[in-house]
Amino acid sequence: MLIHENYSLKELNTFHIDASAHYFVEVASLEDIQEILSDKKKSAAKKLILGGGSNLLFTKNVEGIVIKNNLKGISLVKEDKDYYYVKAGAGEVWHQLVMHCINNNYAGLENLSLIPGNVGASPMQNIGAYGTEIKDSFYELEAFHLNTKTVTTFNNADCKFGYRESVFKQELKNQFIITSVTFRLNKIPDFNISYGAVEAELEEMGINQLSIQAISKAVCNIRNSKLPNPAEIGNAGSFFKNPEIPQTLFLRLKNEFPTIVGYKLENGNIKLAAGWLIEQCGWKGKRVGDAGVHTLQALVLVNYANAKGNEIFDLSEKIMSSVKEKFGVELEREVNII
Ligand code: FAD
Ligand code: EPU
């Protein structure tokens, strides 16, 4: 295992921010992780676990050690009457796992097609899109504790999944390196086309016989039509979460702003489309130096070329202030600020 010093992270984050790591190492096995942590100096250093770098904003260089998780492998570990249990190494690319499942007719991940990043990060924020979240197919994960150096298994309830949330972003933040995730996938698909855009795209595609392959294709088409490709423009997907507000506040806002976009949640609250709020404040397509707000999706902040992490962060502060001022609603960042 090669330990690099002052290593550039520019190609390893989808915002393409030019930050560096004091130490950088790639791990391909549990033994590699143990070896790194047996080194007193490295073990004491602050650690940042890196996957595909698609949900991070570097605002400074990383003082400690960046550990890039490259643990590979996808296998069918169990099967019963209704389900397949598929285990994937944390370093597998998420979309490749989704494609593997679709090609084998393991149903459940198709709505999550084309989300960037790796399997190991998927439970961190309970990735979600087009009516599905990983918590709907998640079975268990294995994670290595950075201090006790032991492996723990977490089941669905242990992860405390919420909207773009898990225990690993809260009370267990920075304590574990997730090494594998196992999904419980349906033998008989339970198609989810509840998200309006998916139904519309399937119709546009002329699909009259639903399949997980068709849903995946529809989701990929929608994503490609409005989300910027990080290989072309730096970004980390939605920069903010969609805020949840009480219905009473929603009705007051609806009175003043009749076209406001919100969806009713099971708990009675309303989830607002943050993209709409940001667009209404005039930010869509705005550019400040090389930092900007995407022209097609106001929830996505972009780096056109050489923006610094702090410039993107400052832009996010301005957006949060103007949304607060106009609508009285607090936005919360989804992207992990480093
Ligand atoms: P990274 O960015 O490398 O890491 C994210 C966080 O997880 C960091 O805090 C990191 O320290 C931690 N981490 C990573 N791996 C591990 C591990 N093995 N163990 C412990 N901690 C770890 N997200 C959605 O939910 N839905 C979407 O629809 C969506 N669309 C996107 C579209 C675009 C164009 C982009 C660029 C991003 C999008 N995202 C979306 C965000 C992103 O793809 C997900 O959050 C993804 O899971 C991040 O994976 P990653 O491997 O890149 O994680
Ligand atoms: N909208 C606008 N203007 C915009 C963008 C959106 O008015 O510039 C309004 C429109 O009314 C639109 C609605 O917002 O119909 C919803 O937009 P979209 O379908 O694009 O979804 P989103 O709420 O902006 C969320 C997730 C995405 C996920 C999609 C699809 C969050 C923070 N974001 O975006 O996740 O892919 O739904 O499910 O929940 C991510 O997390 O990085 C991400 C991209």
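Basis for what follows: all heavy atoms, side chains included, without hydrogens, waters or symmetry-related copies. Indexing begins at 1, ligand by ligand and atom by atom, following the structure's order.
Residue A143 does not touch ligand 1, judged by heavy-atom distances below 4.0 Å. Using a 4.0 Å cut-off between heavy atoms, F176 contacts ligand 1 through its backbone alone, with no side-chain atom that close. When heavy-atom distances to ligand 1 are checked against a 4.0 Å cut-off, P116 comes that close through both its backbone and its side chain. The part of L48 lying near ligand 1 is the side chain, judged by heavy-atom distances below 4.0 Å. If you look at F240 next to ligand 2, the close heavy atoms, those under 4.0 Å, all belong to the backbone. Contact annotation: for F239 versus ligand 2, there are no heavy atoms closer than 4.0 Å. Under 4.0 angstrom from ligand 1, the non-hydrogen atoms of I178 come from both its backbone and its side chain. Of the heavy atoms in N69, only side-chain atoms (C-beta onward) come closer than 4.0 Å to ligand 1.
Applying the 4.0 Å criterion to heavy atoms of Y163 picks out, from ligand 2, the atoms 31 (C), 32 (C), 39 (O). Counting atoms of ligand 2 from 1 in the listed order, those under 4.0 Å from a heavy atom of V261 are 11 (O). Remark: ligand 1 atoms within the under-4.0 Å shell around heavy atoms of A129 are 28 (O).
One option in Q297, E332, R164 has a heavy atom closer to atom 27 (C) of ligand 2 than any other, and that option is R164. Considering E279, K241, R223, Q280 only, the shortest heavy-atom separation from atom 2 (C) of ligand 2 involves E279. Nearest residue to atom 15 (N) of ligand 1 from G89, A121, G117 is A121 (criterion: closest heavy atom). By heavy-atom distance, the residue among G128, S54, G275 lying nearest atom 6 (C) of ligand 2 is G275.
In this structure, H145 and F176 have perpendicular ring planes: the angle between them is above 60°, well past the 30° mark.
Using a 4.0 Å heavy-atom cutoff, W283 is absent from the residues neighbouring ligand 2. Assignment of H294 to the shell around ligand 2 is not supported, since no heavy atom sits closer than 4.0 Å.
Residue I49 has at least one nitrogen or oxygen atom sitting less than 3.5 Å from a nitrogen or oxygen atom of ligand 1, judged on distance alone. The shortest N or O to N or O distance between E334 and ligand 1 is not under 3.5 Å. In terms of N/O distances under 3.5 Å, ligand 1 is approached by G52. Here's the thing with G51: one of its N/O atoms is less than 3.5 angstrom from an N/O atom of ligand 1.
Taking the ring centre of Y83 as origin, the terminal cationic atom of R184 falls inside the region bounded by 6.0 Å and 45° from the ring axis.
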